[in-house]
> 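Sharing a structure here in structure tokens format.
Only heavy atoms go into these numbers, but all of them, side chains included; no hydrogens, no water, no symmetry mates. Computed from a predicted structure; not experimentally measured. Read the numbers this way: they start at 1 and go in the same order the structure lists the ligands and their atoms.
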Amino acid sequence: MTNQALSSPTNHDILRVELGPRSYDILVGSNLLANTASHIAPFVRKAGVIVISDATVAGKHLPTVLASLDSAGIAHRQVIVPAGEKSKSFAVFEDVIEQILAMGIERSTLIIALGGGVVGDLAGYVAASLLRGLDFVQIPTTLLSQVDSSVGGKTGINSKSGKNLVGAFHQPRLVLADTAVLDTLPRREMQAGYAEVVKYGLIDDPEFFDWLEKNAEAILNNDGPERRAAVMRSCAAKARIVSQDERESGKRALLNLGHTFGHALEAETGYGAKLLHGEAVAMGMVIAHDVCGAMGMAPGGEKDRIVNHLKSVGLPVVASEVPGMHWDIDRLIGHMSRDKKVRDGEITFVMTRGIGKAFTSKAMDVDKMRAAITRSCRA
Ligand SMILES: NC(=O)c1ccc[n+]([C@@H]2O[C@H](COP(=O)([O-])OP(=O)(O)OC[C@H]3O[C@@H](n4cnc5c(N)ncnc54)[C@H](O)[C@@H]3O)[C@@H](O)[C@H]2O)c1
Ligand SMILES: O=C(O)C(=O)C[C@@H](O)[C@H](O)[C@H](O)COP(=O)(O)O
Ligand SMILES: [Zn+2]
């Protein structure tokens, strides 16, 4: 793998998400948080900013952001939500909205999402909804949010009926991915985010997958060139796809590799710490390669190579590894029927002919799919 990020002389690298009038930059580098004010300055008006964060992230990284805003004289207020997936709920959404409205805002108030994918998805939807749409900036603080959720404008919350079923497409004005903040992230969360990094290799970049097999531990353990290169390559892949299909009418569905299965697993666990999103995606990607292998589309050995790589970083690869779950296969398949990729009553699946060869199709062998899900749940 060659990557400009490895030899860049600048403090941070910049990627552009090309979306016409909604285009924006992604900045990737170390210690960007300390200079938050200068990076967001073009988007700040007199009404100031509201930082939305979660309790854990606020304890570790909010002071750096606020010090930067103070030094530039930017007026700021903050709303802190509980950490974890349960904050992507109607209850927390309503609470955040009411807190912000009670503070008094204008259409020029800027929302800053400081946190992982939960904060980013929630704050983005809050921004999309308040006064019919405020600008917002993403400051992602997990590996998952730096490589995936902060880019592309999917915002939203979960419902009892399933993951992300309520939300809006609302693009940020800027993404600040400070790779140094990942040094405080627990290993399990790093691993979960790493599953989404692997996803990009599996979709259409086999060379990246090869590189990941050699560099995974460096990415996970050090704020060095490998981590920065992995974030850059992932964001570049996502930006390329989103630029071509912002609202998922076609190609963007590839970013959902493993998610139809993964979201069903998450819904059944009730969105707790039992199963993290990235872990569910790891299991879902294995199920996708398993069923496509069983259908004779993908070489069987490739599923084993993926499983070995995911396992090597400590990721769970089968649903039976989730503690205390007795999976009901019919219920899982029921969740899949509410997937957002259903058209005219049929699910579009992300399928594969092997590593780097993902494609979308409705031609799923339902019996083989049920067998693959069962293998994952009963392994
Ligand atoms: N919008 C999208 O395109 C998209 C893409 C992928 C995932 N998602 C969503 O993202 C969510 C998962 O995001 P996530 O994995 O970032 O989880 P998360 O936001 O819950 O963060 C994980 C945990 O790490 C803590 N944390 C965050 N940053 C930290 C730091 N620097 N140091 C210490 N602790 C820190 C958080 O408080 C939380 O407890 C899911 O809801 C998923 O559906 C959305
Ligand atoms: O950005 C996308 O498009 C993705 O599918 C990225 C996924 O990693 C992410 O989990 C996304 O939130 C899933 O979207 P959904 O539309 O299936 O809820
Ligand atoms: Zn995802």
> Just to confirm my output: which protein heavy-atom neighbour is closest to atom 9 (C) of ligand 2, and how far is it?
His259 NE2, 3.8 Å

> So if I count the atoms of ligand 1 from 1 in the order they appear, which ones are less than 4.0 Å from some heavy atom of Lys60?
32 (N), 33 (C)

> What are the atoms of ligand 1, with element, lying closer than 4.0 Å to any heavy atom of Asp54?
36 (C), 37 (O)

> Which ligand 1 atoms are under 4.0 Å away from a heavy-atom of Val118?
11 (C), 13 (O), 18 (P), 19 (O), 20 (O)

> For ligand 1, note which part of Thr184 has a heavy atom under 4.0 Å away: side chain, backbone, both or neither.
both

> Under 3.5 Å, N or O to N or O, is Arg252 touching ligand 2 that way?
yes

> Determine whether the side chain, the backbone, both or neither of Leu185 has a heavy atom under 4.0 Å from any heavy atom of ligand 1.
both

> Where on His277 is there a heavy atom closer than 4.0 Å to ligand 1, on the side chain, on the backbone, on both, or on neither?
side chain

> Tell me which part of Lys238 gets within contact of ligand 1: side chain, backbone, both or neither, using heavy atoms under 4.0 Å.
side chain

> Pairs of nitrogen or oxygen atoms closer than 3.5 Å, one from Thr141 and one from ligand 1: do any exist?
yes

> To check your reading of the model: name the closest protein heavy atom to atom 14 (O) of ligand 2, its residue, and the distance in Å.
Lys154 NZ, 3.1 Å

> Indicate, as side chain, backbone, both or neither, the part of Asp121 found under 4.0 angstrom from ligand 1 when only non-hydrogen atoms are considered.
side chain

> Are any of the N/O atoms on Arg252, whether in the backbone or the side chain, positioned under 3.5 angstrom from an N/O atom of ligand 1?
no

> Please calculate the NE2(His277)-the Zn ion (ligand 3)-NE2(His259) angle and round it to 10 degrees.
100°

> Which atoms from ligand 2 have a heavy atom of His277 less than 4.0 Å away?
10 (O)

> Please list, in number order, the atoms of ligand 1 under 4.0 Å from a heavy atom of Lys88.
9 (C), 40 (C), 41 (O), 42 (C), 43 (O)

> Taking N or O atoms only and a 3.5 Å limit, does Gly117 qualify as a polar contact for ligand 1?
yes

> Relative to each other, are the rings of Trp211 and Phe208 parallel, tilted or perpendicular (30° and 60° limits)?
parallel

> Starting from atom 4 (C) of ligand 1, which protein heavy atom do you reach first, and at what distance in Å?
Ser149 CB, 3.2 Å

> Does a side-chain N-to-carboxylate-O contact under 4.0 Å join Lys368 and Asp365?
yes

> Using a strict cut-off of 4.0 Å, indicate which atoms of ligand 2 neighbour a heavy atom of Asp148.
6 (C), 7 (C), 8 (O)

> Do any nitrogen or oxygen atoms of His263 come within less than 3.5 Å of a nitrogen or oxygen of ligand 1?
no

> Can you tell me the protein heavy atom closest to atom 41 (O) of ligand 1 and the distance?
Glu85 OE1, 2.7 Å

> What do you reckon, does Lys238 have a nitrogen or oxygen under 3.5 Å from a nitrogen or oxygen of ligand 2?
yes

> Do you see a donor-acceptor pair shorter than 3.5 Å between the side chains of Ser249 and Asp245?
yes

> For atom 12 (O) of ligand 2, what is the nearest protein heavy atom, given as residue, atom name and distance?
Asn164 ND2, 3.3 Å

> Out of all atoms in ligand 2, which are within 4.0 Å of some heavy atom of Lys199? Include the element for each.
6 (C), 7 (C), 8 (O)

> Give me the residue, atom name and distance of the protein heavy atom closest to atom 5 (O) of ligand 2.
Asn256 ND2, 2.8 Å

> Report yes or no: does a heavy atom of His263 sit under 4.0 Å from some atom of ligand 2?
yes

> Does Phe359 have Arg353 sitting over its ring (NZ/CZ under 6.0 Å from centre, angle to axis within 45°)?
yes

> Can an N, O or S atom be found in Glu196 less than 2.8 Å away from the Zn ion (ligand 3)?
yes

